[in-house]
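One structure is given below, encoded as structure tokens.
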Amino acid sequence: QVQLVESGGGLVQAGGSLRLSCAASERTFSTYVMGWFRQTPGKEREFVAAITWTGVSIDYADSVRGRFTISRDMAKNTVYLQMNSLKPEDTAVYYCASRKSSGVERSASAYGYWGQGTQVTVSS
């Protein structure tokens with residue numbers, strides 16, 4: 001059972017930056033894909049970014065491409081989401097997720113493990 005713990009959320013002004021971290025409980029990452037999703041009240045969970053643990057494949061939602069960067073540190077079993085040029089519409093609860101596969105996937109239903117979420121609020 002993989003456990004994921006997010007951290008790094010908070011309140012920031014528009015144009016600012018935050019870095020989210022997702023620490024995983026076990027070292028299975030050579031066969032895992034790690035993803036970030038976000039959700040606002042009344043809406044479905046939305047894909048943000050994903051990375052294969054090898055780092056060979058990376059995917060971003062169009063809404064964040066060029067502003068957000070996903071990365072991983074294998075030694076620390078941790079995945080990061082660097083968020084720059086934040087906008088009020090980026091406000092959401094951000095979730096880390098993982099799936100045992102070799103390919104990135106944008107569908108939330110493809111991910112079997114989820115963190116508890118961390119709130120990101122961007123003020124205008």
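- Here the closest heavy-atom approach between residue R67 and residue L86 is recorded as NH1-CA, 3.9 Å.
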Item to complete: Could you please spell out the steps behind the side-chain contact (heavy atoms from CB on, under 4.5 Å) verdict for L11 and Q119?
Response: CA-CA 8 Å; L11 173 65; Q119 176 70 46; over 6 Å; no
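- In this structure, S101 OG and W53 CH2 are separated by 15.0 Å, a value rounded to the nearest 0.5 Å.
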Worksheet item: What's the verdict on side-chain contact (heavy atoms from CB on, under 4.5 Å) for V122 and V120, showing C-alpha distance, side-chain angles and the deciding distance?
Response: CA-CA 7 Å; V122 184; V120 171; 4.2 Å; yes
Practice prompt. Give the intermediate values and the outcome of side-chain contact (heavy atoms from CB on, under 4.5 Å) for residues E46 and S63.
Written response: CA-CA 11 Å; E46 175 190 21; S63 59; 4.0 Å; yes
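- With rounding to the nearest 0.5 angstrom, the CD atom of Q116 is 9.0 Å from the CG atom of L4.
- Grouping the Ile, Leu, Val, Met, Phe, Trp and Tyr side chains by contacts below 4.5 angstrom, directly or via other members, places Y80 apart from W114.
- R99 and Y111 share no side-chain donor-acceptor pair at under 3.5 Å.
- Looking at every heavy atom in both residues, S85 comes nearest to S17 through N-OG, 4.3 Å.
- In this structure, the separation between CZ on R72 and OG1 on T78 is 12.0 Å, given to the nearest 0.5 Å.
- How far OH of Y94 is from CD of E6: 12.5 Å, rounded to the nearest 0.5 Å.
- When the options L20, V12, D90 are evaluated for a side-chain contact (heavy atoms from CB on, under 4.5 Å) with M83, the one that passes is L20.
- I70 places a side-chain heavy atom less than 4.5 Å from the side chain of V79.
- Distance alone, capped at 3.5 Å, places no donor-acceptor pair between the T52 side chain and the G103 backbone.
- By the 6.0 Å and 45° rule, R65 does not stack over the aromatic ring of Y60.
- Nearest heavy-atom pair, V104 versus D59, reported as atom, atom and distance to 0.1 Å: CG2-CB, 4.1 Å.
- Looking at every heavy atom in both residues, W36 comes nearest to S21 through CH2-O, 3.7 Å.
- Rounding to the nearest 0.5 Å gives a distance of 14.0 Å between NZ of K87 and OG of S124.
- For the atom pair OH (Y32) and CG (N77), the distance works out to 12.0 Å, reported to the nearest 0.5 Å.
- No chain of hydrophobic side-chain contacts below 4.5 Å, direct or via other Ile, Leu, Val, Met, Phe, Trp or Tyr residues, connects V5 to L81.
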